[in-house]
Q: 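Quick one: structure below, then a few questions.
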There are 2 protein chains.
Amino acid sequence: MPQMTLRDIAYALGLSVSTVSKALRDSYEISKDTKERVIAYARTNHYLPNRMAKSLKEGKSGSIGVVVCSIDNSFVSRMLDGIDGVCAQAGYDIVIMQSKESLVQEKSCLKQLEARGVEGILISPSAETIGFEHLLALRETGMPIVLFDRISERFESDQVGIDNYHAAFQATEHLLANRYRRIAMLNIGLDIPFARLRSAGYLDALKKKHLTYGKQLIRPCWPDTGETLKDRVRASIQSLFELAEPPDALFTATDQLSTLSLSVLHEMGHRIPEDIALIGFSNTELADVLTPPLSTIYQPALEIGRLAAEKLIGLISGRGLSEEYETVILPAQLHIRDSSRPGVKVQVNG
Amino acid sequence: MPQMTLRDIAYALGLSVSTVSKALRDSYEISKDTKERVIAYARTNHYLPNRMAKSLKEGKSGSIGVVVCSIDNSFVSRMLDGIDGVCAQAGYDIVIMQSKESLVQEKSCLKQLEARGVEGILISPSAETIGFEHLLALRETGMPIVLFDRISERFESDQVGIDNYHAAFQATEHLLANRYRRIAMLNIGLDIPFARLRSAGYLDALKKKHLTYGKQLIRPCWPDTGETLKDRVRASIQSLFELAEPPDALFTATDQLSTLSLSVLHEMGHRIPEDIALIGFSNTELADVLTPPLSTIYQPALEIGRLAAEKLIGLISGRGLSEEYETVILPAQLHIRDSSRPGVKVQVNG
DNA sequence: CTGTTAGCGCTTTCAG
DNA sequence: CTGAAAGCGCTAACAG
């Protein structure tokens with residue numbers, strides 16, 4: 001039997017379809033006796049309700065759409081784990097789609113998810129996503145949306161993420177405290193809301209120390225077509241070392257940039273932190289066993305995923321209809337390790 | 001407008017629902033003129049066909065179920081990326097579920113996916129999955145299934161994975177060639193088909209060199225309740241070092257065991273490879289920048305995902321009805337780095 | 001307590 | 001070429 005239906009049960013038991021339906025849903029209007037018969041039959045014959053039919057009927061699919069830049073990313077997959085945990089618990093399953101950092105792709109994902117009838121959407125916008133009109137439009141249709149990870153002040157919405165500005169500020173201050181003075185930054189596209197905040201935190205920390213090179217040492221790393229991100233990172237670092245005054249420290253703004261920079265610096269034969277110190281956003285559990293142990297800004301990925309999913313499920317179930325959008329800011333943690341330990345160049349006074 | 005339907009279009013254009021439906025599907029029985037009107041209207045009003053309805057009607061959901069042990073695993077997420085690429089291309093979306101290495105959980109995932117109406121299933125079985133009756137039963141109902149990554153000779157099915165026996169044999173031989181003689185192995189549960197093969201490869205390599213300690217140096221790492229995998233790894237390594245003749249090399253049978261072992265050995269203050277050499281299955285791109293650079297057996301994760309997805313889509317579309325199940329074995333690559341470089345203990349002849 | 005009926009949005013005969 | 005009608009499997013309002 002390919003797929004048993006209510007009709008099959010009804011026929012076998014000499015009942016009507018609706019009676020069977022109600023019995024299975026434990027309706028008060030069905031006799032205990034009938035319920036038992038129906039349930040017993042359903043069990044022994046491994047009846048499985050057809051969710052497509054149920055979905056169509058009820059107008060809800062029992063699934064949630066998740067859009068991320070890429071699934072093949074340790075930070076992202078950790079957040080997905082958090083999301084999945086909460087959703088599975090609540091009986092939703094998740095449909096994951098990848099934007100691959102493309103806005104066009106992101107829109108296409110959203111369209112598909114909408115068509116598929118997901119009841120809500122969790123999204124970490126692509127790097128190309130500057131405006132949020134498409135999300136606004138989607139929300140207009142009644143689709144609950146929660147932004148996670150890559151949050152933005154420019155989009156009024158429920159959001160869960162970290163304080164990017166503050167985290168970057170702290171990391172830069174840490175480098176400064178360890179006597180580094182020419183701190184370069186590798187960032188992804190500068191227009192991206194969260195990347196912007198990370199730059200701003202970095203710049204403000206420099207300003208506070210009266211360092212005046214401003215944006216000169218920031219390198220946006222956005223691969224051209226036919227180029228890998230690693231190529232871009234290599235070129236950026238190369239260009240920094242070719243400066244008249246090369247940097248003595250490097251601050252990397254994303255998980256991928258951090259580990260790629262480490263690889264590239266190794267390739268190029270630079271010693272860390274002697275030649276250049278390094279600190280970056282990163283969630284790898286391997287930070288401790290890297291060469292050298294990598295100082296990182298750790299983001300609570302699992303927690304971000306969990307909270308975002310909980311918020312969304314709240315919205316779907318109609319709670320949190322408070323009209324008020326809520327932005328949850330989780331703290332990021334500075335994990336200081338060897339790659340940013342105090343430089344040996346002693347500051348000569350006078 | 002929450003969701004526009006064919007009826008809305010029909011009403012707006014003074015046509016019937018079926019005409020609109022046919023027009024949109026470019027049926028030959030509809031005039032060019034009508035088609036154009038309908039299509040134009042649909043476009044400008046952003047009509048999206050309701051996939052739940054379509055699914056119900058056609059009995060197919062346009063989605064594929066994927067069951068993995070955990071999504072938060074760099075090796076797994078890479079395979080998922082491969083799967084997603086192929087599926088997205090073919091117009092399927094994927095519903096990912098996690099077994100968390102539990103058979104009960106795995107069965108539950110399968111049930112849910114079946115109920116959801118996925119058209120096929122890609123599964124990397126849990127560590128507890130010794131028998132395959134549940135998969136057999138599911139396939140009996142007509143569900144196409146492809147096993148990937150954790151393949152098994154005990155289950156006649158389409159499968160995509162690597163030659164576990166040979167990879168383990170090679171890795172062990174490599175250690176032997178570098179003069180290591182007491183090689184320990186960390187594995188996960190010993191009953192798991194692929195883990196078994198890895199043990200077998202290891203044992204046969206030892207046997208070939210007439211090393212007689214056999215299984216004594218194998219440690220299955222399976223966390224007890226309330227214990228993390230890392231705790232288990234720590235305890236296992238501890239026990240190895242407490243032996244009268246402790247090992248001079250360690251071979252780890254999975255991605256996680258490899259990186260955890262590295263961490264634990266660091267924690268315990270052992271030098272690698274001076275105190276103990278290390279080689280393991282691992283797909284981390286960070287292998288080169290670890291301390292020391294880690295020798296690994298690299299599995300073509302993306303490719304495994306891709307091929308498995310292609311195979312499944314082939315099955316779904318009715319191709320490959322050859323009755324013959326096909327097992328695709330991809331080569332794993334030995335990436336030799338410092339963690340297994342030749343030991344200093346010179347073998348004295350005579 | 002149980003059954004009949006209508007309909008979710010779409011596709012697909014089968015008549016016009 | 002177009003439309004009416006049936007039905008996918010399920011739920012729910014409404015009769016009996």
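A note on names: the letters A, B, ... follow the listed sequences, proteins ahead of strands, and every chain is numbered from 1. Hydrogens, waters and symmetry mates play no part in the numbers below; they use all other heavy atoms, side chains included.
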Q: Counting only side-chain nitrogens and oxygens, does A:Thr19 get under 4.0 Å of the OP1 or OP2 atom of C:dT2?
A: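 No.
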Q: Does C:dC10 have OP1 or OP2 sitting under 4.0 Å from an N or O in the side chain of B:Arg25?
A: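 Indeed not, no polar side-chain atom of B:Arg25 lies that close.
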Q: Using a cut-off of 4.0 Å on non-hydrogen atoms, how would the nucleic acid contact of B:Lys54 be classed: base, sugar-phosphate, or nothing?
A: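 Sugar-phosphate: the residue B:Lys54, judged by heavy atoms under 4.0 Å, touches backbone atoms but no base.
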Q: What's the CG-C1' distance between A:Leu6 and D:dT11, to the nearest Å?
A: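 It works out to 9 Å between those atoms.
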Q: I need the minimum non-hydrogen distance between B:Asp26 and B:Lys35, along with the two atoms involved.
A: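 Minimum heavy-atom contact is OD1-NZ, 3.0 Å.
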Q: Considering just the side-chain nitrogens and oxygens of B:Ser16, establish if one lies under 4.0 Å of OP1 or OP2 belonging to D:dG3.
A: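 The answer is yes; a side-chain N or O of B:Ser16 sits under 4.0 Å from OP1 or OP2.
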Q: Return the value, rounded to whole Å, for the distance between atom NZ of A:Lys60 and atom P of D:dA12.
A: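 In whole Å, D:dA12 P lies 10 Å from A:Lys60 NZ.
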Q: Could you tell me how far apart B:Lys32 (NZ) and D:dC1 (P) are, to the nearest whole angstrom?
A: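 To the nearest whole Å, that distance equals 11 Å.
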Q: So, is A:Tyr28 near the phosphate of C:dT2, with a side-chain N or O under 4.0 Å from OP1 or OP2?
A: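 A:Tyr28 to C:dT2 OP1/OP2: no side-chain N or O under 4.0 Å.
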Q: With a 4.0 Å cut-off on heavy atoms, is A:Thr34 in touch with a base, just the backbone sugar-phosphate, or nothing at all?
A: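 Here A:Thr34 touches the backbone only, sparing every base.
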Q: Compare side-chain N and O positions of B:Ser21 against OP1 and OP2 of C:dT11 and report whether any pair is under 4.0 Å apart.
A: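 B:Ser21 to C:dT11 OP1/OP2: side-chain N or O found under 4.0 Å.
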Q: Just checking A:Ser31: base, sugar-phosphate only, or nothing, at a heavy-atom cut-off of under 4.0 Å?
A: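 Sugar-phosphate: the residue A:Ser31, judged by heavy atoms under 4.0 Å, touches backbone atoms but no base.
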Q: Within less than 4.0 Å of OP1 or OP2 of D:dG9, is there a side-chain N or O belonging to A:Tyr47?
A: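 False: A:Tyr47 side-chain N/O out of range (4.0 Å or more) of D:dG9 OP1/OP2.
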